[in-house]
Amino acid sequence: MFWNVTVSLLEGFMTTLELFCLTLIFAIPLGLIISFGSMSKIFPIKWISKTVVWVIRGTPLMLQLIVVFYGPELIAGWIGELGIDNALFNALAGMKGLDRFPSVLLAFVINYACYFSEIYRGGIESIPKGQYEACQVLGMTKSQTFFRVVLLQVVKRIVPPMGNEIITLVKDTSLARTIAVYEIIWNAQKFIKNGGLLWPLIYAGAFYLIFNGLLTVIFSRIEKKMDYFKA
Amino acid sequence: MAILQVDSLKKSFGKNEVLKGISLSLEEGQVMSIIGSSGSGKTTLLRCINFLETADSGQIFVDGDVIFDGEDKSKHKAKETREKQLKIGLVFQQFNLFPQYNVFDNVTLAVKLKAKEREDYKGNKKQILKEIDENAKKILAEMGLSDKMEAYPWQLSGGQQQRVAIARALALEPKILFFDEPTSALDPELTIEVLKVIKELRNMGRTMVVVTHEMEFARNVSDKVIFMADGIIEEEGCPTDVFDHPKSEKTKAFLAKSFE
(Lines give C-alpha, C1' and ligand atoms only; values in the text may rest on other atoms or scores of the structure.)
Protein backbone atom coordinates (compact mmCIF):
# COMPACT_ATOMS: atom_id res chain seq x y z
CA MET A 1 0.00 0.00 0.00
CA PHE A 2 2.74 2.40 1.04
CA TRP A 3 4.45 1.72 -2.26
CA ASN A 4 1.26 2.40 -4.25
CA VAL A 5 0.69 5.66 -2.44
CA THR A 6 4.29 6.73 -3.00
CA VAL A 7 4.11 6.06 -6.72
CA SER A 8 0.81 7.90 -7.03
CA LEU A 9 2.08 10.88 -5.05
CA LEU A 10 5.28 10.99 -7.09
CA GLU A 11 3.23 11.06 -10.27
CA GLY A 12 1.20 13.93 -8.88
CA PHE A 13 4.33 15.67 -7.71
CA MET A 14 5.75 15.55 -11.24
CA THR A 15 2.77 17.62 -12.40
CA THR A 16 3.32 19.96 -9.45
CA LEU A 17 6.97 20.34 -10.38
CA GLU A 18 6.19 20.87 -14.04
CA LEU A 19 3.72 23.62 -13.18
CA PHE A 20 6.17 25.16 -10.74
CA CYS A 21 9.10 25.22 -13.16
CA LEU A 22 7.15 26.43 -16.18
CA THR A 23 5.48 29.17 -14.13
CA LEU A 24 8.88 30.45 -13.00
CA ILE A 25 10.37 30.29 -16.50
CA PHE A 26 7.62 32.48 -17.94
CA ALA A 27 6.67 34.64 -14.96
CA ILE A 28 10.18 35.84 -14.08
CA PRO A 29 10.77 37.67 -17.40
CA LEU A 30 7.11 38.65 -17.85
CA GLY A 31 7.23 40.25 -14.41
CA LEU A 32 10.14 42.42 -15.53
CA ILE A 33 8.14 43.66 -18.51
CA ILE A 34 5.15 44.46 -16.28
CA SER A 35 7.39 46.27 -13.80
CA PHE A 36 8.79 48.43 -16.61
CA GLY A 37 5.17 49.09 -17.61
CA SER A 38 4.29 50.17 -14.07
CA MET A 39 7.28 52.53 -13.99
CA SER A 40 6.73 53.84 -17.53
CA LYS A 41 6.49 57.56 -18.12
CA ILE A 42 3.94 56.91 -20.87
CA PHE A 43 0.66 57.24 -19.07
CA PRO A 44 -1.50 54.64 -20.91
CA ILE A 45 1.16 51.94 -20.47
CA LYS A 46 1.55 52.77 -16.81
CA TRP A 47 -2.21 52.80 -16.31
CA ILE A 48 -2.75 49.45 -18.02
CA SER A 49 0.08 47.80 -16.08
CA LYS A 50 -1.14 49.14 -12.77
CA THR A 51 -4.72 48.09 -13.49
CA VAL A 52 -3.69 44.57 -14.45
CA VAL A 53 -1.61 44.25 -11.30
CA TRP A 54 -4.50 45.57 -9.21
CA VAL A 55 -7.01 43.10 -10.68
CA ILE A 56 -4.69 40.10 -10.49
CA ARG A 57 -3.49 40.81 -6.97
CA GLY A 58 -6.96 41.81 -5.87
CA THR A 59 -8.75 38.56 -6.79
CA PRO A 60 -8.16 34.97 -5.68
CA LEU A 61 -5.88 32.86 -7.85
CA MET A 62 -8.48 30.08 -7.67
CA LEU A 63 -11.02 32.35 -9.33
CA GLN A 64 -8.50 33.30 -12.01
CA LEU A 65 -7.96 29.61 -12.80
CA ILE A 66 -11.66 29.14 -13.32
CA VAL A 67 -11.96 32.26 -15.48
CA VAL A 68 -9.07 31.23 -17.72
CA PHE A 69 -10.39 27.68 -18.11
CA TYR A 70 -14.14 28.24 -18.50
CA GLY A 71 -14.12 31.88 -19.59
CA PRO A 72 -13.48 31.55 -23.33
CA GLU A 73 -16.30 29.07 -23.94
CA LEU A 74 -18.66 31.03 -21.73
CA ILE A 75 -18.01 34.18 -23.73
CA ALA A 76 -18.29 32.21 -26.99
CA GLY A 77 -21.72 31.03 -25.84
CA TRP A 78 -22.89 34.60 -25.18
CA ILE A 79 -21.66 35.70 -28.58
CA GLY A 80 -23.42 32.74 -30.20
CA GLU A 81 -26.70 33.79 -28.57
CA LEU A 82 -26.46 37.18 -30.25
CA GLY A 83 -27.09 35.31 -33.48
CA ILE A 84 -25.13 37.69 -35.70
CA ASP A 85 -24.03 35.85 -38.82
CA ASN A 86 -20.70 37.04 -40.12
CA ALA A 87 -17.20 35.58 -40.28
CA LEU A 88 -15.80 37.36 -37.24
CA PHE A 89 -18.75 36.57 -34.97
CA ASN A 90 -18.86 32.98 -36.11
CA ALA A 91 -15.18 32.61 -35.33
CA LEU A 92 -15.68 34.17 -31.89
CA ALA A 93 -18.74 32.02 -31.19
CA GLY A 94 -16.76 28.92 -32.05
CA MET A 95 -13.97 29.88 -29.62
CA LYS A 96 -12.65 27.00 -27.52
CA GLY A 97 -10.82 27.33 -24.24
CA LEU A 98 -7.36 25.96 -23.53
CA ASP A 99 -6.82 22.48 -22.16
CA ARG A 100 -6.66 22.03 -18.43
CA PHE A 101 -2.93 22.17 -17.87
CA PRO A 102 -2.23 25.12 -20.22
CA SER A 103 -5.10 27.02 -18.55
CA VAL A 104 -3.59 26.50 -15.12
CA LEU A 105 -0.18 27.46 -16.40
CA LEU A 106 -1.48 30.64 -18.03
CA ALA A 107 -3.31 31.73 -14.89
CA PHE A 108 -0.26 31.02 -12.72
CA VAL A 109 2.12 32.83 -15.05
CA ILE A 110 -0.03 35.97 -15.13
CA ASN A 111 -0.67 35.89 -11.40
CA TYR A 112 2.95 35.38 -10.40
CA ALA A 113 4.29 37.81 -13.01
CA CYS A 114 2.18 40.51 -11.34
CA TYR A 115 3.52 39.70 -7.87
CA PHE A 116 7.09 39.51 -9.20
CA SER A 117 6.66 42.81 -11.03
CA GLU A 118 5.92 44.59 -7.75
CA ILE A 119 8.97 43.02 -6.13
CA TYR A 120 11.13 44.11 -9.08
CA ARG A 121 9.67 47.60 -8.99
CA GLY A 122 10.47 47.92 -5.30
CA GLY A 123 14.01 46.70 -5.99
CA ILE A 124 14.62 48.97 -8.94
CA GLU A 125 13.21 52.05 -7.22
CA SER A 126 15.38 51.44 -4.16
CA ILE A 127 18.61 51.89 -6.13
CA PRO A 128 20.06 55.31 -5.24
CA LYS A 129 19.79 58.01 -7.89
CA GLY A 130 23.54 58.52 -7.59
CA GLN A 131 24.17 55.20 -9.32
CA TYR A 132 22.28 56.36 -12.39
CA GLU A 133 23.96 59.77 -12.31
CA ALA A 134 27.40 58.20 -12.05
CA CYS A 135 26.64 56.05 -15.11
CA GLN A 136 25.37 59.08 -16.98
CA VAL A 137 28.44 61.22 -16.36
CA LEU A 138 30.60 58.24 -17.34
CA GLY A 139 28.86 58.23 -20.73
CA MET A 140 27.06 54.90 -20.32
CA THR A 141 23.87 54.19 -22.25
CA LYS A 142 20.59 53.47 -20.51
CA SER A 143 20.78 49.76 -21.26
CA GLN A 144 24.41 49.56 -20.12
CA THR A 145 23.39 51.34 -16.93
CA PHE A 146 20.61 48.86 -16.29
CA PHE A 147 22.35 45.63 -17.21
CA ARG A 148 25.90 46.40 -16.06
CA VAL A 149 25.28 48.44 -12.93
CA VAL A 150 21.71 48.43 -11.65
CA LEU A 151 20.55 44.86 -12.30
CA LEU A 152 22.87 42.97 -9.97
CA GLN A 153 22.15 45.41 -7.15
CA VAL A 154 18.44 44.88 -7.74
CA VAL A 155 18.90 41.10 -7.76
CA LYS A 156 20.70 41.26 -4.43
CA ARG A 157 17.87 43.24 -2.91
CA ILE A 158 15.04 41.11 -4.26
CA VAL A 159 16.39 37.64 -3.47
CA PRO A 160 14.74 37.45 -0.02
CA PRO A 161 11.24 38.57 -1.15
CA MET A 162 11.49 36.46 -4.30
CA GLY A 163 12.39 33.42 -2.19
CA ASN A 164 9.28 34.05 -0.15
CA GLU A 165 7.07 34.32 -3.21
CA ILE A 166 8.56 31.26 -4.90
CA ILE A 167 7.95 29.12 -1.82
CA THR A 168 4.35 30.32 -1.85
CA LEU A 169 4.17 29.27 -5.51
CA VAL A 170 5.12 25.69 -4.58
CA LYS A 171 2.12 25.51 -2.26
CA ASP A 172 -0.21 27.41 -4.59
CA THR A 173 0.23 24.72 -7.27
CA SER A 174 -2.24 22.68 -5.22
CA LEU A 175 -4.98 25.02 -6.49
CA ALA A 176 -4.61 23.37 -9.92
CA ARG A 177 -6.94 20.63 -8.72
CA THR A 178 -9.89 23.08 -8.82
CA ILE A 179 -10.03 22.40 -12.53
CA ALA A 180 -9.02 18.76 -12.24
CA VAL A 181 -5.33 18.90 -12.98
CA TYR A 182 -3.99 15.86 -11.18
CA GLU A 183 -1.27 17.25 -8.99
CA ILE A 184 -0.05 15.76 -5.75
CA ILE A 185 -2.93 16.81 -3.45
CA TRP A 186 -5.52 15.52 -5.92
CA ASN A 187 -3.76 12.16 -5.97
CA ALA A 188 -3.58 12.10 -2.18
CA GLN A 189 -7.27 12.93 -1.79
CA LYS A 190 -8.09 10.00 -4.08
CA PHE A 191 -7.06 7.67 -1.25
CA ILE A 192 -9.52 9.34 1.12
CA LYS A 193 -12.37 8.87 -1.32
CA ASN A 194 -11.46 5.35 -2.33
CA GLY A 195 -10.18 3.79 0.84
CA GLY A 196 -10.72 6.25 3.66
CA LEU A 197 -7.00 6.72 4.07
CA LEU A 198 -5.98 10.06 5.52
CA TRP A 199 -2.25 9.55 5.92
CA PRO A 200 -1.41 9.92 2.18
CA LEU A 201 -2.49 13.56 2.48
CA ILE A 202 -0.07 14.12 5.35
CA TYR A 203 2.55 12.21 3.40
CA ALA A 204 1.95 14.64 0.51
CA GLY A 205 2.70 17.47 2.94
CA ALA A 206 6.14 15.96 3.45
CA PHE A 207 6.82 16.31 -0.28
CA TYR A 208 6.11 20.06 -0.09
CA LEU A 209 8.14 20.40 3.06
CA ILE A 210 11.20 18.68 1.64
CA PHE A 211 11.02 20.53 -1.66
CA ASN A 212 10.66 23.89 0.09
CA GLY A 213 13.54 22.96 2.37
CA LEU A 214 15.61 22.48 -0.75
CA LEU A 215 14.52 25.86 -2.13
CA THR A 216 15.36 27.54 1.17
CA VAL A 217 18.88 26.12 0.97
CA ILE A 218 19.25 27.29 -2.63
CA PHE A 219 18.09 30.79 -1.77
CA SER A 220 20.41 31.15 1.18
CA ARG A 221 23.24 29.99 -1.11
CA ILE A 222 22.35 32.73 -3.60
CA GLU A 223 22.23 35.29 -0.80
CA LYS A 224 25.64 34.13 0.41
CA LYS A 225 27.03 34.32 -3.11
CA MET A 226 26.17 37.99 -3.26
CA ASP A 227 27.57 38.75 0.17
CA TYR A 228 30.81 39.91 -1.44
CA PHE A 229 29.33 43.34 -1.99
CA LYS A 230 27.14 45.62 0.05
CA ALA A 231 24.40 47.60 -1.60
CA MET B 1 40.81 80.49 -25.84
CA ALA B 2 38.94 79.43 -22.74
CA ILE B 3 38.51 75.70 -22.27
CA LEU B 4 35.24 76.24 -20.43
CA GLN B 5 32.90 79.07 -21.14
CA VAL B 6 29.43 79.50 -19.70
CA ASP B 7 27.18 82.28 -21.00
CA SER B 8 24.14 83.56 -19.07
CA LEU B 9 23.00 80.17 -17.86
CA LYS B 10 19.55 80.15 -16.27
CA LYS B 11 17.67 77.43 -14.45
CA SER B 12 14.42 77.39 -12.50
CA PHE B 13 12.77 74.65 -10.53
CA GLY B 14 9.11 75.57 -10.80
CA LYS B 15 8.87 79.18 -9.67
CA ASN B 16 12.17 79.10 -7.88
CA GLU B 17 14.90 80.60 -10.07
CA VAL B 18 18.07 78.90 -8.91
CA LEU B 19 20.47 80.22 -11.54
CA LYS B 20 19.78 83.79 -12.64
CA GLY B 21 22.20 84.08 -15.50
CA ILE B 22 25.64 82.67 -14.78
CA SER B 23 28.59 83.55 -17.01
CA LEU B 24 32.11 82.37 -16.41
CA SER B 25 35.18 81.15 -18.21
CA LEU B 26 38.21 79.08 -17.36
CA GLU B 27 41.55 78.62 -19.09
CA GLU B 28 43.17 75.26 -19.68
CA GLY B 29 45.23 74.06 -16.71
CA GLN B 30 43.47 76.38 -14.28
CA VAL B 31 41.60 75.45 -11.15
CA MET B 32 38.39 77.24 -10.26
CA SER B 33 36.70 77.02 -6.87
CA ILE B 34 33.04 77.81 -6.45
CA ILE B 35 32.08 78.83 -2.95
CA GLY B 36 28.86 80.06 -1.39
CA SER B 37 26.31 79.01 1.19
CA SER B 38 23.94 76.13 0.52
CA GLY B 39 21.08 77.15 -1.70
CA SER B 40 23.23 79.64 -3.58
CA GLY B 41 22.99 77.52 -6.74
CA LYS B 42 26.55 76.26 -6.96
CA THR B 43 25.64 72.59 -7.11
CA THR B 44 22.88 73.28 -9.63
CA LEU B 45 25.41 75.10 -11.80
CA LEU B 46 27.69 72.09 -11.70
CA ARG B 47 24.82 69.72 -12.46
CA CYS B 48 23.71 71.83 -15.42
CA ILE B 49 27.19 71.79 -16.91
CA ASN B 50 27.32 68.02 -16.42
CA PHE B 51 23.90 67.37 -18.02
CA LEU B 52 22.40 66.07 -14.80
CA GLU B 53 19.99 68.99 -15.05
CA THR B 54 18.94 70.76 -18.22
CA ALA B 55 19.38 74.50 -18.03
CA ASP B 56 16.49 76.65 -19.31
CA SER B 57 18.65 79.02 -21.33
CA GLY B 58 22.22 80.05 -21.94
CA GLN B 59 25.16 78.34 -23.55
CA ILE B 60 28.05 76.16 -22.48
CA PHE B 61 31.23 75.72 -24.52
CA VAL B 62 33.98 73.23 -23.86
CA ASP B 63 37.16 73.67 -25.84
CA GLY B 64 35.34 75.81 -28.36
CA ASP B 65 32.52 73.31 -28.99
CA VAL B 66 28.97 74.10 -27.93
CA ILE B 67 27.96 71.36 -25.52
CA PHE B 68 24.74 73.08 -24.48
CA ASP B 69 22.63 75.68 -26.21
CA GLY B 70 19.39 76.79 -24.57
CA GLU B 71 18.17 78.27 -27.87
CA ASP B 72 18.42 74.94 -29.62
CA LYS B 73 15.12 73.34 -28.65
CA SER B 74 15.49 70.32 -30.91
CA LYS B 75 15.59 67.02 -29.10
CA HIS B 76 19.17 66.02 -28.57
CA LYS B 77 20.11 62.53 -29.52
CA ALA B 78 21.20 60.43 -26.58
CA LYS B 79 24.36 59.43 -28.38
CA GLU B 80 25.40 63.03 -29.07
CA THR B 81 24.80 63.99 -25.46
CA ARG B 82 26.93 61.07 -24.33
CA GLU B 83 29.78 62.16 -26.58
CA LYS B 84 29.62 65.67 -25.15
CA GLN B 85 29.30 64.32 -21.64
CA LEU B 86 32.66 62.60 -22.00
CA LYS B 87 34.50 65.88 -22.47
CA ILE B 88 33.86 66.56 -18.81
CA GLY B 89 34.14 64.39 -15.72
CA LEU B 90 32.36 64.67 -12.40
CA VAL B 91 33.28 63.48 -8.93
CA PHE B 92 30.33 63.30 -6.56
CA GLN B 93 29.98 64.18 -2.92
CA GLN B 94 28.74 60.65 -2.17
CA PHE B 95 31.32 58.94 -4.46
CA ASN B 96 28.63 56.80 -6.14
CA LEU B 97 30.97 53.90 -6.76
CA PHE B 98 29.46 50.71 -8.15
CA PRO B 99 29.25 48.40 -5.12
CA GLN B 100 29.37 45.09 -7.01
CA TYR B 101 32.63 45.87 -8.81
CA ASN B 102 36.08 45.95 -7.31
CA VAL B 103 38.23 49.07 -7.53
CA PHE B 104 39.84 48.09 -10.80
CA ASP B 105 36.53 47.28 -12.50
CA ASN B 106 34.95 50.46 -11.18
CA VAL B 107 37.66 52.39 -12.98
CA THR B 108 37.63 50.41 -16.23
CA LEU B 109 33.92 49.57 -16.72
CA ALA B 110 32.84 52.71 -18.57
CA VAL B 111 36.08 52.93 -20.56
CA LYS B 112 35.70 49.36 -21.76
CA LEU B 113 32.07 49.87 -22.70
CA LYS B 114 33.02 52.97 -24.64
CA ALA B 115 35.87 51.17 -26.40
CA LYS B 116 33.32 48.71 -27.84
CA GLU B 117 32.01 51.55 -29.99
CA ARG B 118 35.39 51.95 -31.69
CA GLU B 119 35.52 50.77 -35.28
CA ASP B 120 38.76 48.89 -34.80
CA TYR B 121 37.51 47.19 -31.63
CA LYS B 122 36.90 43.74 -33.12
CA GLY B 123 40.29 43.53 -34.79
CA ASN B 124 42.33 44.98 -31.95
CA LYS B 125 40.29 43.85 -28.96
CA LYS B 126 43.21 42.40 -27.03
CA GLN B 127 45.45 45.37 -27.62
CA ILE B 128 42.76 47.91 -26.74
CA LEU B 129 41.76 46.15 -23.52
CA LYS B 130 45.41 45.81 -22.54
CA GLU B 131 45.95 49.53 -23.01
CA ILE B 132 42.86 50.31 -20.93
CA ASP B 133 44.04 48.02 -18.13
CA GLU B 134 47.51 49.55 -18.12
CA ASN B 135 46.17 53.05 -18.14
CA ALA B 136 43.87 52.22 -15.22
CA LYS B 137 46.77 50.75 -13.27
CA LYS B 138 48.78 53.90 -13.90
CA ILE B 139 45.98 56.16 -12.69
CA LEU B 140 45.33 54.01 -9.63
CA ALA B 141 49.02 54.13 -8.81
CA GLU B 142 48.91 57.93 -9.00
CA MET B 143 45.97 57.87 -6.62
CA GLY B 144 47.99 55.66 -4.26
CA LEU B 145 45.60 52.75 -4.68
CA SER B 146 47.84 50.12 -6.29
CA ASP B 147 47.34 47.74 -3.38
CA LYS B 148 43.56 48.20 -3.37
CA MET B 149 42.73 47.19 -6.92
CA GLU B 150 40.97 43.98 -5.88
CA ALA B 151 39.08 45.57 -2.99
CA TYR B 152 35.35 46.30 -3.10
CA PRO B 153 34.05 49.76 -2.21
CA TRP B 154 32.66 48.72 1.19
CA GLN B 155 36.12 47.58 2.23
CA LEU B 156 37.58 51.06 1.70
CA SER B 157 37.61 54.20 3.81
CA GLY B 158 35.67 57.21 2.55
CA GLY B 159 38.89 58.88 1.44
CA GLN B 160 39.94 55.82 -0.52
CA GLN B 161 36.50 55.57 -2.08
CA GLN B 162 36.68 59.17 -3.18
CA ARG B 163 40.11 58.56 -4.70
CA VAL B 164 38.67 55.61 -6.63
CA ALA B 165 35.90 57.90 -7.86
CA ILE B 166 38.51 60.41 -9.03
CA ALA B 167 40.44 57.63 -10.80
CA ARG B 168 37.22 56.46 -12.45
CA ALA B 169 36.55 59.94 -13.80
CA LEU B 170 40.17 60.38 -14.97
CA ALA B 171 40.16 57.06 -16.83
CA LEU B 172 37.85 58.61 -19.43
CA GLU B 173 40.36 61.41 -20.01
CA PRO B 174 38.01 64.35 -19.59
CA LYS B 175 39.15 67.81 -20.58
CA ILE B 176 37.77 69.27 -17.37
CA LEU B 177 37.18 67.53 -14.08
CA PHE B 178 34.40 68.77 -11.82
CA PHE B 179 34.11 68.07 -8.10
CA ASP B 180 30.82 68.48 -6.26
CA GLU B 181 31.76 69.08 -2.62
CA PRO B 182 34.21 66.17 -2.76
CA THR B 183 35.01 66.21 0.95
CA SER B 184 31.64 67.01 2.52
CA ALA B 185 30.95 63.34 3.27
CA LEU B 186 34.38 62.80 4.83
CA ASP B 187 35.96 63.06 8.28
CA PRO B 188 38.57 65.82 8.68
CA GLU B 189 41.60 63.53 8.35
CA LEU B 190 40.15 61.91 5.23
CA THR B 191 39.38 65.35 3.84
CA ILE B 192 43.09 66.18 3.94
CA GLU B 193 43.86 62.97 2.04
CA VAL B 194 41.46 63.84 -0.79
CA LEU B 195 42.47 67.50 -0.96
CA LYS B 196 46.07 66.39 -1.30
CA VAL B 197 45.13 64.32 -4.34
CA ILE B 198 43.34 67.28 -5.93
CA LYS B 199 46.43 69.43 -5.31
CA GLU B 200 48.59 66.82 -7.03
CA LEU B 201 46.24 66.82 -10.00
CA ARG B 202 46.56 70.55 -10.20
CA ASN B 203 50.32 70.28 -10.22
CA MET B 204 49.99 67.86 -13.12
CA GLY B 205 48.16 70.55 -15.06
CA ARG B 206 44.58 69.27 -14.79
CA THR B 207 41.79 71.71 -15.47
CA MET B 208 39.38 71.46 -12.57
CA VAL B 209 36.27 73.09 -11.14
CA VAL B 210 35.66 72.43 -7.45
CA VAL B 211 32.52 73.26 -5.52
CA THR B 212 33.74 73.33 -1.96
CA HIS B 213 33.24 74.47 1.62
CA GLU B 214 36.96 74.17 2.35
CA MET B 215 38.00 77.83 2.29
CA GLU B 216 41.67 77.27 3.04
CA PHE B 217 41.84 74.73 0.26
CA ALA B 218 40.06 77.05 -2.17
CA ARG B 219 42.53 79.79 -1.34
CA ASN B 220 45.59 77.56 -1.74
CA VAL B 221 44.67 75.58 -4.78
CA SER B 222 42.64 77.85 -7.04
CA ASP B 223 43.59 80.21 -9.81
CA LYS B 224 40.13 81.62 -9.71
CA VAL B 225 37.44 81.80 -7.04
CA ILE B 226 33.77 82.36 -7.65
CA PHE B 227 31.46 83.32 -4.84
CA MET B 228 27.82 82.58 -5.57
CA ALA B 229 24.83 83.99 -3.73
CA ASP B 230 21.14 83.73 -4.62
CA GLY B 231 21.74 82.34 -8.08
CA ILE B 232 24.23 84.90 -9.31
CA ILE B 233 27.99 85.27 -9.21
CA GLU B 234 28.35 87.84 -6.48
CA GLU B 235 32.10 88.12 -6.73
CA GLU B 236 34.92 86.52 -8.65
CA GLY B 237 38.64 86.85 -9.02
CA CYS B 238 41.93 85.40 -7.89
CA PRO B 239 42.00 83.99 -4.34
CA THR B 240 43.74 87.03 -2.85
CA ASP B 241 41.10 89.38 -4.26
CA VAL B 242 38.14 87.35 -3.10
CA PHE B 243 39.45 86.20 0.26
CA ASP B 244 41.57 89.17 1.35
CA HIS B 245 39.93 92.11 -0.37
CA PRO B 246 36.29 91.19 -0.94
CA LYS B 247 34.24 94.06 -2.40
CA SER B 248 30.72 92.80 -1.91
CA GLU B 249 29.05 92.93 1.50
CA LYS B 250 27.61 89.47 0.93
CA THR B 251 31.06 88.04 0.30
CA LYS B 252 32.40 89.71 3.44
CA ALA B 253 29.56 88.32 5.52
CA PHE B 254 29.96 84.83 4.07
CA LEU B 255 33.71 84.79 4.63
CA ALA B 256 33.37 86.12 8.15
CA LYS B 257 31.01 83.24 8.94
CA SER B 258 33.21 80.67 7.22
CA PHE B 259 36.38 81.66 9.07
CA GLU B 260 34.73 82.01 12.46
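Chain naming here is simple, since letters A, B, ... match the order of the sequence lines and numbering starts at 1 in each.
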Trainee: In terms of heavy-atom proximity below 4.5 Å to chain B, should A:Gln131 be classed as side chain, backbone, both, or neither?
Mentor: both

Trainee: Quick check on B:Phe178 against chain A: is it the side chain, the backbone, both or neither that has a heavy atom closer than 4.5 Å?
Mentor: neither

Trainee: Hey, would you say the B:Phe98 and B:Tyr152 ring centroids sit under 6.0 Å apart?
Mentor: no

Trainee: Please state whether the side chain, the backbone, both or neither of B:Leu90 comes within less than 4.5 Å of a heavy atom of chain A.
Mentor: both

Trainee: For the interface with chain A, which of B:Lys114, B:Glu83, B:Arg47 has the highest count of heavy-atom pairs at distances below 4.5 Å?
Mentor: B:Arg47

Trainee: Does any backbone or side-chain atom of A:Lys156 lie under 4.5 Å from a heavy atom of chain B? Answer side chain, backbone, both or neither.
Mentor: neither

Trainee: Using a 4.5 angstrom heavy-atom cutoff, name the option from B:Asn50, B:Ile88, B:Leu97, B:Val91 with the most pairs to chain A.
Mentor: B:Leu97

Trainee: Would you mind telling me which of A:Met226, A:Gln136, A:Gln153, A:Lys129 has the largest number of heavy-atom pairs within less than 4.5 Å of chain B?
Mentor: A:Gln136

Trainee: Is there side-chain contact between A:Ser174 and A:Tyr208, with heavy atoms separated by less than 4.5 Å?
Mentor: yes

Trainee: So which part of A:Tyr228 gets closer than 4.5 Å to some heavy atom of chain B, the side chain, the backbone, both or neither?
Mentor: both

Trainee: What pair of heavy atoms forms the shortest contact from A:Leu65 to A:Val104, and how long is it?
Mentor: CD2-CA, 3.8 Å

Trainee: So which part of B:Leu86 gets closer than 4.5 Å to some heavy atom of chain A, the side chain, the backbone, both or neither?
Mentor: side chain

Trainee: With sequence neighbours excluded, what pairs up with A:Phe13 under the ring pair (Phe, Tyr, Trp, His ring centres under 6.0 Å) test?
Mentor: A:Phe207, A:Phe211

Trainee: Using a strict threshold of under 4.0 Å (side-chain N to carboxylate O), is an ion pair present between A:Arg121 and A:Glu125?
Mentor: yes

Trainee: So do B:Lys87 and B:Ile176 actually touch side chain to side chain, heavy atoms under 4.5 Å?
Mentor: no

Trainee: Taking the side chain as C-beta and beyond, is there a heavy-atom pair between B:Ser157 and B:Leu190 under 4.5 Å?
Mentor: yes

Trainee: Need one label for B:Gln100: side chain, backbone, both or neither, based on atoms under 4.5 Å from any heavy atom in chain A.
Mentor: both

